[in-house]
Amino acid sequence: MGTVEGLISALRETCAGLPDKRRGKNSHYAMADIGLAAFSVFFIPSSTILAHQRHLAQGHGHGHSNCQTLFGITEIPSDNHIRDMLDPVPPEHFYPLFTPPVEVLEQGGGLTEFRRLDGHVLIAFDGTEYYRSAKLHCPRCSTRKRSGGTTEYFHSLVSATLVAPGHNRVVPLQPEFIVPQDGHDKQDCETLAARRWLAAHGPHYARLHPVYLGDDLYARQPICQAVQAVDGHFLFVCKPASHPTLQEYLTGVELPALAKKIKHGRQHFAYSYQWLCEVPLRDGPDALAVNWLMIEIRNAAGKITYRNSFITDLPVNRDTVIELAACGRARWKIENESFNTLKTKGYNLEHNFGHGKANLSAVLATLNLLAFAFHTAAELTHDLWRRAMTQAGARVRFFSRLREITAFLVFPSWLNLLQTLAFEAPPPVPP
Ligand SMILES: [Zn+2]
């Protein structure tokens with residue numbers, strides 16, 4: 001069994017065990033069919049896949065569709081039924097499924113590409129809004145006032161993502177949803193969610209020796225300590241301007257420094273680094289001592305093109321500072337990768353299923369991240385998937401081919417579909 005089939009069959013098992021609110025004879029569609037139908041929309045990814053597959057099953061597919069052959073769905077439920085049945089399901093039910101893609105990578109050697117800083121992996125935290133509307137809302141929406149007195153509704157989550165510098169693939173891990181809490185501002189809510197994530201999942205990922213990445217709002221003692229409590233390390237953006245104690249220590253001392261000339265294409269850049277070890281993160285006797293580092297990049301004209309600073313509990317010196325700065329910068333990858341997908345595709349999805357009243361929005365965001373994790377695992381460990389992608393030339397073109405070809409032809413298996421996309425076998429003959 002290939003990577004894709006294995007991961008989907010693990011998902012089917014989970015979906016079969018989802019809580020079912022129906023009683024008596026109304027339970028026509030199995031929960032497994034309902035969960036997998038929603039997932040297929042993200043995995044193909046296509047907001048029209050279910051409509052196409054219903055059409056195929058009723059027409060020349062003679063009862064068969066790709067929902068059945070590729071996802072093991074016996075009968076395709078309606079969009080309304082999917083919404084009603086998934087709305088009460090807590091998204092946590094899907095969290096164990098984020099483990100198999102990481103295991104697949106570990107076993108298939110795909111994780112070596114993520115190993116940095118002498119055997120560590122990087123897990124980046126980031127707060128992301130995955131739903132925003134001026135109209136449609138639910139009791140779990142966060143709200144904010146817009147100019148003109150209108151209210152905007154939104155949902156956000158803290159994502160945890162395996163990233164690596166110089167590597168354009170990322171692996172989403174379990175999300176943690178940010179729930180509005182009275183008496184806390186937006187930043188509090190995000191950092192509290194990150195601490196819940198660490199408590200829930202940190203021990204599980206400790207075996208990978210993670211270094212957690214985050215922006216300046218994570219560079220606070222309670223989060224640094226929460227990371228260390230689960231045997232992790234931190235490498236957080238830390239602006240001296242928002243850390244006055246640290247700022248004081250950095251002022252008026254001659255900092256250790258390192259300079260390097262680097263060529264990107266035809267352009268020359270000057271990289272300079274500075275650092276200082278054992279600096280208190282905040283005021284007071286119980287302050288955590290951290291190591292601070294800074295990177296500055298100038299182009300040939302002497303103009304600063306990038307500048308950032310970080311704190312970490314890893315040793316900073318001439319031998320490590322370059323790699324640490326590169327890893328700290330890797331955090332920005334996730335904004336370009338998983339969340340563009342989550343935002344654009346996620347917004348699409350609201351059109352299919354509506355907004356729900358309880359968990360729907362969170363369940364769909366979770367399935368979207370899960371599909372993304374499955375894609376990366378397949379891409380890094382599944383030869384045929386990779387050949388099909390190479391044949392398409394680019395990632396987006398691979399997915400548009402997948403979307404188009406499955407709308408018209410029923411493939412007996414993933415093997416057959418991927419062989420067709422890799423041009424190693426002819427497509428099935430339409431009846
Ligand atoms: Zn809502």
Side-chain angles (χ1 to χ4, degrees), residues 15 18-22 31 34-35 37-39 41-42 45 47 50 77-95 97-98 125-161 172-197 200 217 334-335 338-372:
C15 292
L18 291 177
D20 187 344
K21 64 170 184 176
R22 296 166 302 190
M31 282 311 280
I34 291 165
F39 175 78
V41 173
F42 297 102
S47 56
L50 296 178
S78 71
D79 291 355
N80 279 342
H81 194 52
I82 294 172
R83 179 192 60 219
D84 289 348
M85 294 306 297
L86 291 184
D87 194 35
V89 173
E92 289 80 3
H93 278 282
F94 297 98
Y95 288 2
L97 290 162
F98 285 88
F125 284 133
D126 199 23
T128 298
E129 278 177 30
Y130 62 91
Y131 174 79
R132 192 182 305 155
S133 172
K135 279 187 273 176
L136 265 185
H137 58 97
C138 73
R140 310 226 171 141
C141 273
S142 301
T143 56
R144 69 181 146 234
K145 289 274 172 244
R146 304 299 297 185
S147 56
T150 56
T151 301
E152 186 169 68
Y153 301 92
F154 64 97
H155 284 247
S156 51
L157 56 81
V158 167
S159 60
T161 314
L173 306 176
Q174 292 86 341
E176 180 68 35
F177 289 90
I178 301 177
V179 282
Q181 283 160 309
D182 292 335
H184 288 282
D185 67 14
K186 189 172 170 282
Q187 298 207 335
D188 276 346
C189 290
E190 179 173 342
T191 55
L192 285 170
R195 283 160 69 184
R196 287 197 302 276
W197 189 96
L217 79 96
I334 56 177
E335 299 195 355
S338 49
F339 290 107
N340 282 346
T341 314
L342 186 62
K343 280 176 180 160
T344 52
K345 302 292 185 304
Y347 287 162
N348 262 341
L349 265 238
E350 297 282 338
H351 296 286
N352 278 34
F353 302 118
H355 187 55
K357 294 188 185 76
N359 302 313
L360 185 67
S361 198
V363 166
L364 296 179
T366 305
L367 289 174
N368 196 353
L369 288 171
L370 198 60
F372 205 91

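Along the sequence shown, residues carry numbers from 1. When a ligand or atom number is given, it counts from 1 through the structure's own listing order. Scope of the values below: all heavy atoms of this structure, side chains included, with no hydrogens, waters or symmetry mates.
Residues Met31 and Cys15 form no side-chain contact, since every pair of their non-hydrogen atoms from C-beta on lies 4.5 Å or further apart. The shortest side-chain heavy-atom distance between Asp126 and Thr161 does not fall under the 4.5 Å cut-off.
Listed by chain and number, the protein atoms of type N/O/S under 2.8 Å from the Zn ion (ligand 1) are Cys138 SG, Cys141 SG, His155 NE2, His355 NE2; waters are omitted.
Considering Thr128, Leu192, Val158, Thr191 as possible partners of Ile178, the one that fulfils the side chain to side chain contact (heavy atoms under 4.5 Å, CB included) test is Val158.
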I would like to know whether His81 and Ile34 meet side-chain contact (heavy atoms from CB on, under 4.5 Å); could you show each step before the answer? CA-CA 8 Å; His81 194 52; Ile34 291 165; 3.9 Å; yes
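Put simply, the side chain of Asp87 never gets that close to the backbone of Gly356: no donor and acceptor are under 3.5 Å apart.
Aromatic ring orientation, His155 versus Tyr131: perpendicular (interplanar angle above 60°, classes split at 30° and 60°).
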